[in-house]
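Below is one structure; the comments refer to it alone.
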Amino acid sequence: MAKTPVRFTLNGSETALFVDGGANLLDTLRRGVGDLSPKYGCGQGTCGTCTVLIDGEPHLSCLTLAETVEGRSIETTGGLSNGADLHPLQRVFMENFGAQCGYCTPGMLMAAKALLAKNPNPSREEVVEAISGNICRCTGYEPIIDAILATAGQMRGRVA
Amino acid sequence: MALHKGRGFACINYPIGMNLGGDPSQALVHSTPDGKFMVSLSAIDLGQGMKSVTRQIAAETLGVPVADVYVDTADSDTGPHDMGSFASRGTHRVGNAVIRAAAEARAAMMEAAADELEVNPADLDTDGEGNIHVKGAPGRSITVADTAIAAQFKQGKTLSGRGIFLIPTSDVDADTGEMTPVSCFAHAAVVVDLEVDDETGEVTVSQVNSAYEVGRALNPKMVEQQLIGGAWMGISHALYETTEPYYPDRSHGPDDYNSYLMPGAGDVVPHNIAVLERPAEDAPFGGKGPGEMCANPLLPAVANAIYNAVGVRCDMLPITPEKVLRGIQANGGAQPKGTF
């Protein structure tokens, strides 16, 4: 099968590879690039754990054709921390016990990051709306919502 | 049409583990040459906190900092035997096994330290910060790390321990049918408030209030997390989730998340929890288990609340709008049972 060259930045790094026609972004990131941080859940866009940011917007990478990200900027959970320094979202998720099995966490973190970038002062309803495409089996969502609200408060505090 | 408020109550005595074949769990504990301790288990952490709780239990029993204890789980090819993570048995069964293994390893550690300090092991104590000292003479001490190094390179001993927890098998009394299947129970009582739409049959939960008795909450934040998440799983089973909506007919079953209903973040309602602690005698540091029983009482409480709201008694789960509506129609209309 003919391969297509695709170039994009992944968490700030120039990335280029050949993909099969029809290859999705999730497979491309996990198998092609080796970034295992976005997870495969349902493979049909209903669970949200594969959520990545494309030019800052949350997208379901399992439903995104890899060829369509040519020249664009991709962010995954793998790029959130700076070495041992966790991103505020990661730290506050931990402090709020925002994960149990952890499988939904990468998607939750990316959905939350996109929200806070656009809206640093979200209401509880806005947080719920932002993660409404992400399913969590373990936590009952409460600690995740609390963690995103707490992160927003802390990040505002730092800027001010 | 009208919205009818309903309140339902349910309580539960939940058996911790199940005594089929003694329900055994094994644990092995050994020190590394730098004085850290490794706990080997085949118990599985699915996110419920098995690793954290067994780590706390091992550190407490060994008398060393939590940071110096590592827990390795869930490879049944290489680990000691375990029955698994089910029936809320983890904290109780595995915790008890870890206490026994850690106590044996602690005895070996104290003997090795006693050799180095030339005292009787019975005269030694740990400070929980990585030191072993002579009781009443904190100046006369050796670090756990130096003790492990001496055991490994000088004394030729391992600082290790084995533990198993096994419940004596309880036979069934032929005359009465009586047996003792479990060693202890956890308890819970929940009150669910909800609204039923008598035109659509839709049920909307508005609040949950609960009290859970878990022995001792060995890790209070994780207990709370388990209770909140588990209660939602219970509500979800009561109202939404099924693989056979017309059981035993297999038709119309879901085959993906589009058709398998689960609660989303927008469905969450306030849940006020009181955690009651009555340490159980045979439980590790008194902790029983808040596993499965955090979900179970929600199902009857929701069913009771729906009966209270519109007088419809559903005995098949999940209680879908269709079942509620059929019940209302069969009764000739909603029959609220009054407030309480």
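Keep in mind that the numbers below use all heavy atoms, side chains included, and drop hydrogens, waters and symmetry copies.
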Legend entry - Step-by-step salt bridge (charged side-chain N to carboxylate O under 4.0 Å, His left out) determination, B:Lys51 to B:Asp45: CA-CA 6 Å; B:Lys51 278 181 144 173; B:Asp45 195 331; over 6 Å; no
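- Under the 3.5 Å distance criterion, the side-chain polar atoms of B:Thr54 are left unmatched by any main-chain donor or acceptor of B:Gly95.
- Side-chain contact check for B:Asn209 and B:Asn272: at least one donor-acceptor pair (N or O, by modelled atom type) lies under 3.5 Å.
- Residues of residues 11-18 of chain A never come closer than 4.5 Å to chain B when only heavy atoms are counted.
- Judged by distance alone, with hydrogens and angles left aside, the side-chain atoms of B:Arg7 form no donor-acceptor pair with the main-chain N or O of B:Val191 at under 3.5 Å.
- In this structure, the portions of B:Met233 lying under 4.5 Å from any heavy atom of chain A include both its backbone and its side chain.
- Looking only at atom types and distance, the side chain of B:Glu241 has a donor-acceptor partner in the side chain of B:Ser236 under 3.5 Å away.
- Summarising the local packing, CD of A:Glu126 is surrounded by more than 12 heavy atoms from other residues, nucleotides or ligands at distances under 6.0 Å.
- Near-neighbour residues of residues 112-121 of chain A relative to chain B, defined by a heavy atom under 4.5 Å from a heavy atom of that chain, are none.
- In the model, A:Asp35 has a side-chain atom that pairs as donor or acceptor with a side-chain atom of A:Thr76 under 3.5 Å.
- Using a 4.5 Å cut-off between heavy atoms, B:Glu224 does not touch chain A at all.
- Donor-acceptor pairing under 3.5 Å is lacking for the side chains of A:Thr51 and A:His59.
- Heavy-atom pairs under 4.5 Å with chain A were tallied for B:Ile235, B:Ile228, B:Asp256; the largest tally goes to B:Asp256.
- What you find for B:Met293 and B:Pro297 is that their closest heavy atoms are O-CD, 2.9 Å.
- Judged by distance alone, the side chains of A:Arg30 and A:Ser61 never bring a donor and an acceptor atom under 3.5 Å apart.
- Contact of A:Arg124 with chain B is not made at all, since no heavy-atom distance falls under 4.5 Å.
- Between B:His252 and B:Tyr246, the two ring planes are perpendicular [angle over 60°; tilted spans 30° to 60°].
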